[in-house]
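Structure, as structure tokens:
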Amino acid sequence: MRFLAKRIGFYVLAAWAAVSLNFLIPHFLPGGPVEAALSRFQGQLSAQAATALAAEFGLGAHQGFLPQYWHYLDDVVHGNLGVSFTYFPEPVSTVIGQSLPWTVVMVGLAIIIAWCLGTLIGIVMGARRGSWIDGLLPGAAFIRGLPQFWIGLLAVGFLAIKLGWFPASGGYSASLATPSFTVAFIGSAIQHAILPVLCIVAGSMVGNMILMRNMMVTTLAEEYVQAAEAKGLPRSRVMFAYAARNAILPSVVSFALELGFTVSGALLVEEIFSYPGIGFVLFQAIGNEDYPLMQGIFLIITLAVLGANIVADLTLSVLDPRTRSGEDAR
Amino acid sequence: MKAARSVVPGPGRSGTGLRGRLALAVRAGRRSPKLIAGTAILSLFAFVTAFGPLLAPDNPSADSQQILSGPSLHHLLGTTYSGQDVLSELLTGTRTTILAAVVAALLAELISVAIGVTAGYLGGLPGEGLSAVANVVLVLPVLPLEIILAAYFPNLDWLGVALIIAITSWPFNARVLRAQTLSMRRRPFVDAARSAGEPNWRIIATVIVPNLRAVILTGLLFNLLFATLVQTSLAFLGIGNVTDWSWGTMFYWIENAQASLRGAWWWYVPPGLCIGLFGLGLGLVNLGLDEHLNPRLRRLRRPAAARRRARSLPIPAALAGDDRPEAGLASR
């Protein structure tokens, strides 16, 4: 349990660092762009919203640095992330609250599928090293270099527009006016999610696959695996219970380490499909110089990634006995 | 072939003069077709980076009446929504893209070495502190972090974008290097340097870092691909100066004109293929180097012999164990 306590301590530190960075960046970088964007809303902001924005972005000198930091921390703890310029006068927290569930379900599902599929294929590739399957490696190197959003562009252009197999954009059919928990709506939502999920899986599966394959090759040369083979255990048992069980650990660690990047890539796929998630909102925010929304999205994505990291650590502590005996397996 | 040369192990390394070294590189290359293919692809991109704007048949920013026309003899890769020549944009944009990737990759690796090796060598509280900083920056999602940094500098040029990528993408390699340094810190040759009274910075610079060159090289390859992907994603989102041609800004205009909905495949396919090809070149060089350093990953032509060899050779932990730098190339 010391392992988990240490890790949770680390995540608290990381969360504090993210929250503070979110405050420090606007304070130390040139404030001109924010003031210019803010001036468009002169007179429309309530007094309370104006002071909150001033504290977050370090505008106006009537408050010192530390009181502003305090004010900002207080706002963050209460979920007050300011007012969005794009969706004025909606607060940032409302805008994020509406788009976050879409992202969590679609992107979350895609990343989990990608990891499981990549691991499985990697195990098979490792087990059959030296066969024709090795010839696929350069192809894999090609795919893992591709940006996910480009795979999305291809999918829209060819599968959705040219062949008409899938809807090209949106999270649900435009004929269903508002989201609801009806069969028609959920069916439409699933239909719209298939293609973006496929793109994210295709884009982010390959890396884990190659890692898993190489770890399998390395593990299969270990003496305990050869001993298991010599005992005459069934091949599948040697592969999964002896080799894969140990080879999978780095793959769990790298899943956690790379999650921030995987999620970033997936957010761009949302934009390609005009999927109503966080990535699409982020694109709007950049286009409209909506600083409070950008900052809020950074904060939310970071916290989500930290949360997923904790889950990965829990998994690791189940899989790797070294973590339970207090050794630092990371 | 530079890459191959620097990792050729054994007595051959002392091969004198350029000719001896070239011969060695060729021999290493013949054993690894992957290395040759990868180097050829990267050379092609280096060539286009140097001469791309001269090769471009048109001014990439010149509008014309021919809107969204497919590939033809006049426009080999067709035209954009404002009638610009796609091939010219691609050739001109390659320079900015590759230059920014190279600058970002080198700078990030420099930070990784400085922080990772120092953290590993010092150990104790200072080492733990540096390592904690690296781990915190590592869990922050790169793209949103870079967006909130870049958003405060409107019309950032490629150098600015490269700097932002460098200061946010060093932690992964720093972690790898720290782990490597930790395992090297108590080896006899380091102890020898220490007892000879060498100052810490000299031990790091002349003993530790040269021994990490394979790991550093792998890290650089990884950084190049990572920087290209991130830079393209940022430009696609409209960060930086969108009128400055790069593969990423091409994607910005592609998305702006909804090219995929209009069926203009000649516009959105080429820049993605370029990124994929560049990644393939880096990946092939990486695979080639990997097989060179870790015989277990080679194709087993003579299984028994290969196994015997594999067991007698020490495998650098970074290439065989948890902290495989290539793990990152993966889904990143």
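Please read all numbers here as calculations on a predicted model, not as lab measurements. Residue numbers begin at 1 in each chain, while the letters A, B, ... track the order of the sequences.
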Heavy-atom distance under 4.5 Å to chain B: side chain of A:Ile272, backbone, both or neither?
both

Side chain, backbone, both or neither: which part of A:Leu146 has a heavy atom under 4.5 Å from chain B?
both

Largest heavy-atom contact set with chain B, pairs under 4.5 Å, which of A:Ile286, A:Ile143, A:Val263:
A:Ile286

Is a donor on one side and an acceptor on the other found under 3.5 Å between the side chain of A:Trp150 and the backbone of B:Leu273?
no

Between the main-chain N or O of B:Ala151 and the side-chain N or O of A:Tyr291, is there a donor-acceptor pair closer than 3.5 Å?
yes

Less than 4.5 Å to any heavy atom of chain B: does that hold for the side chain of A:Leu154, its backbone, both, or neither?
both

Which atoms of A:Phe149 approach chain B - backbone, side chain, both or neither, heavy atom under 4.5 Å
side chain

Return the option, out of B:Leu140, B:Ile254, B:Leu143, B:Val142, with the maximum number of heavy-atom pairs under 4.5 Å with chain A.
B:Leu143

Which label fits A:Phe283 and B:Phe236: parallel for a plane angle under 30°, tilted from 30 to 60°, or perpendicular past 60°?
tilted

Can you tell which part of A:Phe10 gets under 4.5 Å to a heavy atom of chain B, answering side chain, backbone, both or neither?
side chain

If you compare all heavy atoms of A:Gly145 against all heavy atoms of B:Leu229, which two are closest, and at what distance to 0.1 Å?
O-CD2, 3.4 Å

So, the part of A:Glu289 with a heavy atom under 4.5 Å from chain B: the answer is neither

Counting only heavy atoms closer than 4.5 Å, note whether A:Leu282 contacts chain B via side chain, backbone, both or neither.
side chain

